[in-house]
Amino acid sequence: MVRRQSAPRPEFEAAAIYKYPEHLRPFLDALPSVPGVYLFHGDSDAMPLYIGKSVNIRSRVLSHLRTADEAAMLRQSRRITWICTAGEIGALLLEARLIKEQQPLFNKRLRRNRQLCALQLRGQNVDVVYARDVDFSHAANLFGLFANRRAALQALQTLADEQKLCYGLLGLEPLSRGRACFRSALKRCAGACCGKESPDQHATRLLDSLEKLRVVCWPWKNAIALKESRPGMTQYHIINNWLWLGAVDSLDNVSTLVQTPAGFDHDGYKILCKPLISGTCEIIDLSPDALMNSR
């Protein structure tokens with residue numbers, strides 16, 4: 001007896017049940033066309049449904065309302081609020097902080113990571129170190145920022161495969177003294193484990209391959225202010241050890257923020273490293289001597 005195969009069930013399509021969220025129209029007229037963060041709220045006042053950022057709040061929120069894939073979130077939304085910023089950097093920093101603090105239901109990224117780790121090069125050895133144990137703002141020879149140990153080791157393995165580095169010397173697999181590793185026989189290792197390549201050559205190639213992942217140490221001795229402006233609004237972002245301490249509209253109001261303990265922040269580093277190191281932003285030294293001389 002031949003059984004008929006049932007026809008495949010049609011995949012769920014959000015567009016099939018999408019309905020324009022008319023109940024949110026009262027909030028649309030007041031949406032500003034400036035940079036900032038916006039929040040979709042449900043019935044709960046304690047936890048937003050979604051937090052986002054944009055250089056144009058109005059345009060971005062309106063695009064959400066026309067997106068069928070977000071039908072579930074839109075049906076649960078009851079109101080929309082927003083916070084304006086002086087620019088995109090402020091919007092990115094505020095979004096990252098609010099998501100970590102409020103844990104919105106529909107945000108899947110930028111959540112707090114308690115296992116943040118990196119690869120640290122010590123001589124010719126590579127170790128996985130954790131932000132809870134090592135000051136990532138100042139530690140030397142840190143490479144990559146990873147969510148967990150497995151991701152860090154996987155990145156190291158990928159580099160080893162690309163550069164024919166020795167798994168044994170990197171600690172990725174056991175290595176018997178005086179014997180070549182298994183990958184050497186397959187010509188996937190350049191032979192540092194059996195004398196075909198010197199340890200120094202292997203170490204140099206390892207450092208060169210890691211360089212693109214280097215974590216930049218905090219370049220200042222103290223906190224700094226990054227000035228961001230647009231017509232009608234100026235903010236000074238107070239930053240120390242890659243941690244955004246907050247924003248003020250005048251440097252006369254920085255004393256409390258500058259004294260706040262500042263540990264390394266993954267999201268702050270990703271957002272701030274390029275604009276701060278590139279020299280494209282106006283940066284003000286907030287060391288005690290600099291503040292005294294500016295007054």
Side-chain angles (χ1 to χ4, degrees), residues 34-39 51 53-55 57 81-103 110-114 116-118 120 129-142 145 214-295:
V34 298
V37 171
Y38 56 90
L39 301 89
I51 297 176
K53 63 84 190 170
S54 178
V55 294
I57 294 175
T81 62
W82 53 87
I83 304 170
C84 300
T85 64
E88 184 178 17
I89 293 176
L92 285 164
L93 292 167
L94 183 58
E95 178 199 34
R97 171 175 290 182
L98 291 177
I99 289 175
K100 284 185 286 190
E101 290 177 349
Q102 302 189 33
Q103 298 287 293
L110 287 176
R111 294 180 182 270
R112 192 178 300 278
N113 176 19
R114 302 186 185 278
L116 181 66
C117 58
Q120 185 172 43
V129 295
Y130 292 85
R132 63 173 181 262
D133 303 319
V134 175
D135 181 2
F136 279 17
S137 302
H138 299 95
N141 289 330
L142 289 182
L145 294 171
R214 182 179 290 276
V215 177
V216 179
C217 291
W218 179 245
W220 294 273
K221 292 183 178 179
N222 301 276
I224 56 103
L226 184 157
K227 183 179 180 181
E228 190 172 34
S229 299
R230 62 172 171 80
M233 188 176 189
T234 295
Q235 288 183 312
Y236 295 89
H237 300 293
I238 312 305
I239 307 152
N240 195 9
N241 294 337
W242 301 115
L243 175 67
W244 181 58
L245 301 175
V248 294
D249 56 9
S250 169
L251 291 181
D252 294 332
N253 304 322
V254 303
S255 56
T256 301
L257 290 178
V258 168
Q259 297 171 13
T260 304
F264 181 85
D265 178 63
H266 181 200
D267 298 315
Y269 179 84
K270 291 195 300 182
I271 295 167
L272 294 164
C273 188
K274 185 176 180 178
L276 288 183
I277 299 301
S278 67
T280 57
C281 299
E282 181 177 349
I283 297 172
I284 300 97
D285 183 3
L286 297 181
S287 63
D289 292 341
L291 286 174
M292 187 67 67
N293 294 334
S294 66
R295 291 173 180 171

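If you read the sequence from its start, that first residue is 1, and numbering goes on from there. Keep in mind it's a predicted model, so treat the numbers as computed, not measured.
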Work out which heavy atom in [X] is nearest to a heavy atom in [Y]; give both atom names and the distance.
| X | Y | result |
| --- | --- | --- |
| I238 | A225 | CD1-CB, 3.8 Å |
| I57 | P35 | CD1-O, 3.9 Å |
| V134 | A139 | CG1-CB, 3.5 Å |
| I89 | E228 | N-OE2, 3.0 Å |
| V216 | C273 | CG2-SG, 4.0 Å |
| A91 | G36 | CB-O, 3.7 Å |

With a 4.5 Å limit on heavy-atom distance, are the side chains of [X] and [Y] in contact?
| X | Y | answer |
| --- | --- | --- |
| L272 | L93 | yes |
| L98 | I83 | yes |
| L39 | T81 | yes |
| W218 | L243 | no |
| L145 | F264 | yes |
| N241 | H138 | yes |
| K100 | D265 | yes |
| W244 | L92 | no |

Once rounded to the nearest 0.5 Å, what's the spacing between atom [atom1] of [X] and atom [atom2] of [Y]?
| X | Y | atom1 | atom2 | answer |
| --- | --- | --- | --- | --- |
| I239 | W220 | CD1 | CH2 | 8.0 Å |
| H237 | T85 | NE2 | OG1 | 7.0 Å |
| E88 | R230 | CD | CZ | 13.5 Å |
| N240 | K221 | CG | NZ | 13.5 Å |
| T234 | D249 | OG1 | CG | 9.0 Å |

Please report the C-alpha distance between I284 and K227 in whole Å, then the side-chain angles of each, then the deciding distance to 0.1 Å, and finally whether the side-chain contact (heavy atoms from CB on, under 4.5 Å) criterion is met.
CA-CA 8 Å; I284 300 97; K227 183 179 180 181; 4.2 Å; yes

Between Y269 and S137 (side chain of the first, backbone of the second, donor and acceptor by atom type, cut-off under 3.5 Å), is there such a pair?
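Side chain of Y269 to backbone of S137: no pair is present.
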
Would W242 and L276 count as a side-chain contact (heavy atoms from CB on, under 4.5 Å) here? Give the steps.
CA-CA 10 Å; W242 301 115; L276 288 183; 3.6 Å; yes

Would you please test V129 and F136 for side-chain contact (heavy atoms from CB on, under 4.5 Å) and show each step?
CA-CA 9 Å; V129 295; F136 279 17; 4.1 Å; yes

